[in-house]
Amino acid sequence: MTNCLVLQTDFGLVDGAVSAMYGVAYTVDPTIRVQDLTHEIPPYDIWIASYRLYQTVKYWPKGTVFVSVVDPGVGSHRRSIVCKTTSGHYIITPDNGSITHIQHYDGIEEIRAIDEVKSRLPHSEESHTFHGRDIYAYNGARLAVGETTFEELGSPIEPDTLVTLPLIEESQTGTILRGSIDVLDVRFGSLWSNISSDSLKRINVKPGDRVQVTIYHKENKVYQNILLFARSFADVNIGEPLVYINSLVNVGVAVNQDSFSKLYHIGTGIDWTLEIRKAPRVIYEEDVL
């Protein structure tokens with residue numbers, strides 16, 4: 001049985017680019033199983049491409065081949081690479097930072113540089129702007145169906161030569177946790193941070209507690225509020241903000257049935273950071289007559 005081929009791009013579906021990648025894969029082997037991770041990565045956004053791989057790869061069976069094409073440097077001297085992760089998955093992508101999160105959080109076992117002259121769709125030599133079709137989908141399909149091996153795709157390269165994107169590590173100072181807002185739960189506008197559920201436990205925050213959330217953009221404070229740490233969105237009223245644990249078991253910040261990102265103009269990436277601490281308990285005393 002062949003392995004799945006999973007495609008991710010910033011191409012969208014308004015033209016034939018993704019369909020052409022499917023066609024190349026089926027030309028390699030008509031029995032191949034091709035699936036989509038997403039084709040709605042914002043144009044040229046390598047950071048989001050890297051995060052979506054990290055979000056998704058580990059949930060597919062070992063041996064699955066991922067092709068990720070967010071490639072503003074297509075046709076330049078940037079390398080095309082194939083990576084074998086420590087979890088036993090394969091990723092074919094430009095060497096432009098697209099595997100930053102996988103390499104950092106999950107680990108890469110081996111990387112090889114693909115020969116863009118020899119290992120490409122036959123008769124595509126004159127094309128230099130659609131490597132997603134001519135190199136990545138083609139070699140991804142060949143690897144998935146066993147027409148070629150990982151070792152045959154190219155020569156080994158050292159992991160420390162890869163292009164990587166800067167990351168902010170989660171940190172703790174006293175009872176204050178600090179991390180980056182890595183990505184949005186796009187459709188719903190929730191913020192996903194790199195602060196782990198275990199970190200909340202370390203500062204003794206439990207569901208039902210209230211926490212103080214402060215958000216910074218380039219060290220400028222843009223939001224601060226005290227929110228409920230909820231088990232689910234149903235624990236708060238519609239339109240009310242909350243803190244919760246997302247599907248990657250990290251801290252998320254959301255508004256029930258609205259977009260936190262749009263309401264408060266919050267973005268993602270290393271310029272956007274979040275602090276969280278257990279809110280002080282407020283005791284109201286009755287007036288004494």
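Atom set for the values below is all heavy atoms of this structure, side chains included, hydrogens, waters and symmetry mates excluded.
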Inset, instruction - Provide the closest heavy-atom pair for Ile91 versus Ile99 in the form atom of the first, atom of the second, distance. - result: CG2-CG2, 4.0 Å

Inset, instruction - Return the minimal non-hydrogen interatomic distance between Ser261 and Leu184, and the atom names on each side. - result: OG-CD1, 3.6 Å

Legend entry - Lys262 atom NZ, over 12 foreign heavy atoms within 6.0 Å: no

Legend entry - Worked check of side-chain hydrogen bond (donor to acceptor under 3.5 Å, both in side chains) between Ser196 and Asp198: CA-CA 5 Å; Ser196 70; Asp198 286 342; 5.2 Å; no

Legend entry - Whether Asn139 side chain and Ile135 backbone form a donor-acceptor pair below 3.5 Å: yes

Inset, instruction - To the nearest 0.5 angstrom, please state how far the CD atom of Gln103 sits from the CG atom of Asp160. - result: 9.0 Å

Inset, instruction - Determine the minimum heavy-atom distance between Thr2 and Arg33, stating which atoms define it. - result: O-NH2, 2.5 Å

Legend entry - Where at least one partner belongs to residues 144-173, residue pairs that pass ring-ring contact (aromatic ring centres under 6.0 Å, His included), sequence neighbours excluded: Tyr90-Phe150

Inset, instruction - Could you pull out the closest heavy-atom pair between Thr93 and Ser98, with the gap in Å? - result: OG1-CB, 3.3 Å

Inset, instruction - Determine, stepwise, if the pair Val145 / Val28 fulfils side-chain contact (heavy atoms from CB on, under 4.5 Å). - result: CA-CA 8 Å; Val145 303; Val28 169; 4.1 Å; yes

Legend entry - Test: Arg112 and Glu110 ion pair at under 4.0 Å: yes

Legend entry - Atom pair CG (Leu162) and SG (Cys83), whose distance is rounded to the nearest 0.5 Å: 6.0 Å

Inset, instruction - For residues Leu153 and Leu143, report the shortest heavy-atom separation together with the two atoms involved. - result: CD1-CD2, 4.1 Å

Inset, instruction - Evaluate the side-chain contact (heavy atoms from CB on, under 4.5 Å) criterion for residues Asp106 and Val57: first the C-alpha distance (whole Å), next the side-chain angles of each, then the deciding distance (0.1 Å), finally the verdict. - result: CA-CA 10 Å; Asp106 296 335; Val57 166; 5.8 Å; no

Legend entry - Any donor-acceptor N/O pair, Asp10 side chain to Tyr44 backbone, under 3.5 Å: yes

Inset, instruction - Answer yes or no: is there a side-chain heavy-atom contact under 4.5 Å between Asn204 and Lys278? - result: yes

Inset, instruction - Flag yes if Val243 and Leu228 sit in one hydrophobic cluster, no otherwise; membership is Ile, Leu, Val, Met, Phe, Trp, Tyr, and two members link when side-chain heavy atoms are under 4.5 Å apart. - result: no

Inset, instruction - Give the minimum heavy-atom separation between Asn250 and Asn194, together with the two atoms involved. - result: ND2-CA, 4.1 Å

Inset, instruction - Would you confirm whether Asp258, through its side chain, and Val255, through its main-chain N or O, come within 3.5 Å as a donor-acceptor pair? - result: no

Legend entry - Ser199 (side chain) donor-acceptor with Ile195 (main chain) under 3.5 angstrom: no

Legend entry - Results of side chain to side chain donor-acceptor pair (under 3.5 Å) for Arg210 - residues two or more places apart only: none

Legend entry - Flag, side chain of Ser50 to backbone of His101, donor-acceptor distance under 3.5 Å: yes

Legend entry - Under the side chain to side chain donor-acceptor pair (under 3.5 Å) test, residues paired with Trp47 that sit two or more places apart: none

Legend entry - Donor-acceptor under 3.5 Å (Thr173 side chain, Ile176 main chain): no

Legend entry - Heavy-atom side-chain proximity of Arg52 to Val183 below 4.5 angstrom: yes

Legend entry - Inter-residue atom distance Ser193.OG - Asn246.CG, 0.5 Å rounding: 7.0 Å

Legend entry - Pair Thr64, His89: side-chain N/O donor-acceptor within cut-off below 3.5 Å: no

Legend entry - Residues which pass salt bridge (charged side-chain N to carboxylate O under 4.0 Å, His left out) with Glu219, listed by chain and number, not counting sequence neighbours: Arg178

Legend entry - Pairing residues for Tyr105 by the ring-ring contact (aromatic ring centres under 6.0 Å, His included) criterion, not counting sequence neighbours: Tyr54

Enumerate donor-acceptor pairs with a distance under 3.5 Å from any side-chain N or O in residues 11-22 to protein atoms, sequence neighbours excluded.
unit_1, atom_1, unit_2, atom_2, d
Asp15, OD1, Ala17, N, 3.1
Tyr22, OH, Asp36, OD1, 3.0
Tyr22, OH, Asp36, OD2, 2.9

Inset, instruction - Please confirm whether the backbone N or O of Phe188 pairs with a side-chain atom of Asp185, one donor and one acceptor, at under 3.5 Å? - result: no

Legend entry - Heavy-atom side-chain contact between Pro159 and Ile108 under 4.5 Å: no

Legend entry - Pairs flagged by ring-ring contact (aromatic ring centres under 6.0 Å, His included) wherever residues 209-242 is involved - sequence neighbours left out: His217-Trp272, Tyr223-Phe260, Tyr223-Tyr264, Phe233-Tyr244

Inset, instruction - Supply the atom-to-atom distance Leu37 CG to Thr9 OG1, rounded to the nearest 0.5 angstrom. - result: 10.0 Å

Inset, instruction - Would you confirm whether Thr100, through its side chain, and Leu165, through its main-chain N or O, come within 3.5 Å as a donor-acceptor pair? - result: yes

Inset, instruction - I would like to know whether Gln8 and Ser68 meet side-chain hydrogen bond (donor to acceptor under 3.5 Å, both in side chains); could you show each step before the answer? - result: CA-CA 5 Å; Gln8 170 177 274; Ser68 179; 2.9 Å; yes

Inset, instruction - Any chance you could measure Asp45, atom CG, to Glu40, atom CD, to the nearest 0.5 Å? - result: 13.0 Å

Legend entry - Student check: side-chain heavy atoms of Pro156 and Glu158 closer than 4.5 Å: no

Legend entry - Verify same cluster id: Leu191, Val251 (apolar side-chain graph, 4.5 Å): yes

Legend entry - Contact check, side chains of Ile215 and Ile181, non-hydrogen atoms, under 4.5 Å: yes

Inset, instruction - Take Val6 and Val65 through the side-chain contact (heavy atoms from CB on, under 4.5 Å) test and state the conclusion after the steps. - result: CA-CA 6 Å; Val6 181; Val65 179; over 6 Å; no

Inset, instruction - Please identify each residue that fulfils side chain to side chain donor-acceptor pair (under 3.5 Å) with Ser190, with sequence neighbours left out. - result: none

Legend entry - Set of salt bridge (charged side-chain N to carboxylate O under 4.0 Å, His left out) partners for Lys221, sequence neighbours left out: none

Inset, instruction - Quick one: which residue pairs count as a ring-ring contact (aromatic ring centres under 6.0 Å, His included) with a foot in residues 152-180, not counting sequence neighbours? - result: none

Legend entry - Side-chain donor/acceptor of Thr85 to backbone N/O of Ser87, under 3.5 Å: yes

Inset, instruction - Kindly indicate whether the side chain of Ile157, heavy atoms from C-beta on, has any atom under 4.5 Å from the side chain of Arg79. - result: yes

Inset, instruction - Return the set of residues passing salt bridge (charged side-chain N to carboxylate O under 4.0 Å, His left out) with Glu147 (not counting sequence neighbours), or none when no residue passes. - result: Arg142

Legend entry - Joint hydrophobic cluster, Leu248 plus Leu177, side-chain heavy atoms closer than 4.5 Å: no

Legend entry - Spacing of CG belonging to Leu7 relative to OH belonging to Tyr136, to within rounding of 0.5 Å: 13.5 Å

Inset, instruction - Indicate yes or no for a side-chain donor-acceptor contact from Asp235 to the backbone of Arg231 under 3.5 Å, with no hydrogens or angles considered. - result: yes

Inset, instruction - Just jot down the salt bridge (charged side-chain N to carboxylate O under 4.0 Å, His left out) partners of Glu240, sequence neighbours excluded, or say none. - result: none

Inset, instruction - Determine, using the 4.5 Å side-chain heavy-atom cutoff (strictly less than), whether Val253 and Leu263 are members of one ILVMFWY cluster. - result: yes

